[in-house]
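Everything on this sheet refers to the single structure shown next.
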Amino acid sequence: MLWNEGTRPMRMSRLMVKTLREAPAEAELPSHRLLLRAGLIVPLAAGLYCFTPLGWRVHKRLETIIREEMDRYGAQEVHLPALHPLETWEQSGRATTMGPVLFHLRDRKEREFVLGPTHEEVVSHLASRHIQSYRDLPFTLYQIQTKFRDEPRPRGGLIRLREFFMKDAYSFDADWESLDQSYQEAFDAYVRIFSRAGVPVVAVEADSGAIGGKDSQEFVFLTESGEDEILLCDGCGYAANAEKADFRKPPAVAGEPLPIEEVATPGITTIADLAAFLGIEERQTAKAVFYLADGEPVFVCIRGDLEVNETKLRNALKAADLDPMDEAAVRKHGLIAGSASAVGLKGMRVVADPTAVEAPNLVAGANKADTHLRNVNHGRDWRAGIVSDIALARDGDLCAQCDGRLRGRRGIEMGHVFKLGTMYSEAMGVHYLDETGAQQHAVMGCYGIGVERMLAAVIEANHDDNGIVWPPSVAPFDVHVVVIGAGNDDVDSTLAELESRLEAAGMSALVDDRDDSPGIKFNDADLLGMPVRITVSPRALKNGGVELKLRREGDAEVIPLAGVVERVQAAQQAGGYGG
RNA sequence: CGGGGUGUAGCUCAGCCUGGCAGAGUGCUUCGUUCGGGACGAAGAGGUCCCCGGUUCAAAUCCGGGCACCCCGACCA
């Protein structure tokens, strides 16, 4: 649990760190500001940071927690190359689907390589060399390794990097039932990892993409500054990424189909205006949205009171790429934005949400300006090529599973567990012979955790106005010793005694021996955030010992030197993060 | 890639509009006084004013182009 047992306490005067009184202007997130102010990281370029000794110690402790929990359930650590031949990515087809995020390079013989953004292909290659029989399954491999992604927008300090450490694990099973168990083991390990590291997370259902796959869950750290929209039911435990979230849609206004008729709607181009103008509800209208799916025009229709979920739409279309049409494309395909409908539409695919198909007598566009149609009915007036749930769940919507309501929250994805299935084992040739001698593809799962992102979240979740408040499990040092009055014989001898006691107990300590004022030292101690602060000073000695203060609590107390180790241990236990 | 913002001392920023000695705070060095919550005095060091080009007697300042960084959206751990 303590990798640095027996090491001498680190002297602040020797530690390669410089705290900053003010954070650089570009840093906005608390974690970003504190990482820079405490000198844990130093920027090199957008999305690239150097870790200082202090920052790297935290990184290593997080890695240790991850390794222990992965090893605990039998996952086996490996190391895979970060440099991959381009052919490996062509073999899976992801050289094109992941195209823009891949960093490309060539060797001296002009052979093309990429820097690995993830390792499904390579681990599949490795596994394929081993797996021959069902007797070789199941197993889970993992590594903690650098990933490279040419992100469109690195951001938030350690939140979104171009080079980062990921703990990525891959399970190989003979069938889906066995995968369920491997998946559950990984899931349980993740719960323990985040709990130990002091990162509160919620597991939410996530989109598994158009590439097949089955269950997929994300471990999300809830924070206003998060980039993901999460929906949580206030009634049952349902939690899902907005991309995936299911909800109960309001019922349609019932009625027998009436004859279609044109109505003049001068200047009306939005659903809200249309409903107000005609004195009807938004759910009595049909909303039209236009997309380009892999370059092909797609007409999308949904009931007017709902929004389109682009992830669900992409999946329904099995499209790799989906973008809303810009004005030029809208014109090019002869669509009238604000007055469009699928009635009489030709030359493009039509995708509809069931709500637009089931509701009778909707008001839809007439495909000419300032005009709409009343009483449009699916089947009679238009027909969708694809009918699929493409509605976006929003804050306040009804839960699909209980009578509760969904609440929208923001969050950052810390980890992802995903039942991949056989996509990669088919592409990369990972197969085995079953009991009957038939060739089968291994069923895979993959499980990722972003280490730096987790570090940032630890700080987001554990800080106050004065600085970081490390959970004992990941603090760079167990104890921060502030020395006041160095040169005084009693202070010097007490410090020496304290240091040897801490060392003997296997506790790591940072000793602020700098020739600075007490105020500077106390403020730095708060900023750096070690769980326990011990002050050695003439005043404390006069009061019978050294002063001990917990970072997460306000008051200090003087205790005899002999009681220090015991108190520090108690504080570590009380931290609530099983070390 | 679209939109917005910023670039001047290690850090935070002023100066730019209205062209004319490159500045403040903080940090750093030295000396002295201090010594329990970012002390005080004195003396110093520190600059490609993001880059390239243009205008001008003269450019941090005006004009053109480029780059970098940050923030918001489409993607991910």
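Chain identifiers are assigned alphabetically (A, B, ...) following the order of the sequence lines, protein sequences preceding nucleic acid strands; residue numbering begins at 1 within each chain.
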I'd like a list of close polar pairs between nucleotides 8-11 of chain B and the protein, N/O only, cut-off under 3.5 Å.
residue: B:C11; atom: O2'; partner: A:E22; partner atom: O; Å: 3.3

Set out, line by line, the N/O atom pairs under 3.5 Å between protein and nucleotides 71-73 of chain B.
residue: B:C71; atom: OP1; partner: A:G156; partner atom: N; Å: 3.3
residue: B:C72; atom: OP2; partner: A:R153; partner atom: NH1; Å: 3.3
residue: B:C72; atom: OP2; partner: A:R153; partner atom: NH2; Å: 3.0
residue: B:C72; atom: OP2; partner: A:R155; partner atom: NE; Å: 3.4
residue: B:C72; atom: N4; partner: A:R153; partner atom: NE; Å: 3.4

Protein-nucleotides 39-44 of chain B N/O pairs under 3.5 Å:
residue: B:A39; atom: OP2; partner: A:S517; partner atom: OG; Å: 3.2

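Nucleotide B:U29: paired with B:A43 (Watson-Crick or G-U wobble, both distances less than 3.5 Å). Across all strands shown, B:A9 forms no Watson-Crick or G-U wobble pair with both key distances under 3.5 Å. Across all strands shown, B:A74 forms no Watson-Crick or G-U wobble pair with both key distances under 3.5 Å. Pair check for B:A22 finds none; no Watson-Crick or G-U wobble contact set falls under 3.5 Å. Under the Watson-Crick or G-U wobble criterion, with both distances below 3.5 Å, B:G64 is paired with B:C52. With both pairing distances under 3.5 Å, B:C35 is matched to nothing as a Watson-Crick or G-U wobble pair.
Rounded to an integer number of Å, the gap from CZ of A:R514 to P of B:U29 is 12 Å. One interatomic measurement links the two molecules: CD of A:E229 to P of B:C76, which rounds to 17 Å at whole-angstrom precision. Atom C1' of nucleotide B:G37 and atom NZ of A:K549 are separated by 11 Å, given to the nearest angstrom. In this structure, A:I144 places its CD1 atom 13 Å from C1' of B:A77, rounding to the nearest Å. Nucleotide B:A77 holds its P atom 16 Å from the CD1 atom of A:I193, rounded to whole Å. Going from atom CD of A:E151 over to atom P of B:A74 covers 14 Å, rounded to whole Å. To the nearest angstrom, C1' of B:G37 lies 10 Å from CG of A:N466. Between A:D465 atom CG and B:G37 atom P there is a gap of 19 Å when expressed in whole angstrom units.
Under the rule for a side chain to side chain donor-acceptor pair (under 3.5 Å), A:R394 has no partner lying at least two apart in sequence or in another chain. Applying the ring-ring contact (aromatic ring centres under 6.0 Å, His included) test to A:H416 and every residue at least two apart in sequence or in another chain returns A:F418. Listed by chain and residue number, A:E557 satisfy the side chain to side chain donor-acceptor pair (under 3.5 Å) test with A:R567 (two or more places apart in sequence, or in another chain). With sequence neighbours left out, the ring-ring contact (aromatic ring centres under 6.0 Å, His included) criterion links A:Y190 to A:F219. Shown here are the side chain to side chain donor-acceptor pair (under 3.5 Å) partners of A:N309, two or more places apart in sequence or in another chain: there are none. Looking at residues two or more places apart in sequence or on another chain, you find a side chain to side chain donor-acceptor pair (under 3.5 Å) between A:D71 and A:Y142.
For a distance-only test at 3.5 Å, the side chain of A:D228 qualifies as a donor-acceptor partner of the base of B:C76. Counting atom types as modelled, A:D516 pairs no side-chain N or O with a base atom of B:G38 as donor and acceptor under 3.5 Å.
With C1' as the reference atom, B:C16 and B:A60 are 7 Å apart, rounded to whole Å. Taking atom C1' in both B:G47 and B:G15, the straight-line distance is 15 Å, to the nearest Å. One C1' atom belongs to B:G7, the other to B:C49, and the distance between them is 10 Å to the nearest Å. Atom C1' of B:G64 sits at a distance of 11 Å from the matching atom of B:U55, rounded to the whole Å. Comparing the C1' positions of B:U61 and B:A77 gives a spacing of 45 Å, expressed to the nearest Å. Of the P atoms belonging to B:C69 and B:U12, the separation is 16 Å, rounded to the nearest Å. Nucleotides B:G4 and B:C28 are separated by 41 Å at their P atoms, to the nearest Å. One C1' atom belongs to B:A24, the other to B:U30, and the distance between them is 22 Å to the nearest Å.
Looking at the side chain of A:R149, the nearest of the listed nucleotides B:C76, B:C69, B:G37 is B:C76. Taking only side-chain atoms of A:P518, from C-beta outward, the nucleotide of B:A77, B:C35, B:C69 with the closest atom is B:C35. For A:H416, whose side chain is taken as the heavy atoms from C-beta onward, the closest listed nucleotide among B:G37, B:A77, B:C69 is B:A77. Which of B:C35, B:C69, B:G37 sits closest to the side chain of A:A46 comes down to B:C69.
Using the six-membered ring where Trp is involved, A:F299 and A:F290 have ring planes that are tilted, between 30° and 60° apart.
At the heavy-atom level, A:D168 lies nowhere under 4.0 Å from the strands shown. Residue contacts shown for A:L161 include a base, since a base heavy atom lies under 4.0 Å away. Across all strands shown, A:E547 has heavy atoms under 4.0 Å from base atoms, whether or not it also approaches the sugar-phosphate.
Stacking here means ring centres nearer than 5.5 Å and ring planes tilted less than 30 degrees, and by that measure A:F164 stacks onto B:A77.
For residues 479-498 of chain A, every residue pair satisfying the salt bridge (charged side-chain N to carboxylate O under 4.0 Å, His left out) rule, not counting sequence neighbours, is listed here: A:E497-A:R501. Identified under the side chain to side chain donor-acceptor pair (under 3.5 Å) test for residues 40-52 of chain A, with sequence neighbours left out: A:H32-A:Y49. Counting only residues at least two apart or on different chains, no salt bridge (charged side-chain N to carboxylate O under 4.0 Å, His left out) pair has a member in residues 289-301 of chain A.
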Would A:W470 and A:I459 count as a side-chain contact (heavy atoms from CB on, under 4.5 Å) if you check the C-alpha gap in whole Å, the side-chain angles of each, and the deciding distance to 0.1 Å? CA-CA 7 Å; A:W470 291 116; A:I459 297 175; 3.8 Å; yes
Please evaluate residues A:K167 and A:E63 with respect to the criterion side-chain contact (heavy atoms from CB on, under 4.5 Å), reporting the C-alpha separation (whole Å), side-chain torsions for both, the decisive distance (0.1 Å), and the verdict. CA-CA 8 Å; A:K167 188 291 296 174; A:E63 288 184 50; over 6 Å; no
Test A:E460 against A:T223 for side chain to side chain donor-acceptor pair (under 3.5 Å), laying out the working first. CA-CA 8 Å; A:E460 289 288 335; A:T223 167; 4.6 Å; no
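Both A:G47 and A:F165 lie close to RNA chain B; mapped to their nearest nucleotides by heavy-atom distance, the more 5′-ward contact belongs to A:G47. Sequence order on RNA chain B of the closest nucleotides to A:A45 and A:F522 puts A:F522 first from the 5' end.
A:N315 places a side-chain heavy atom less than 4.5 Å from the side chain of A:T311.
Contact between A:V458 and A:A197 at its shortest, heavy atoms only, is CG2-O, 3.6 Å.
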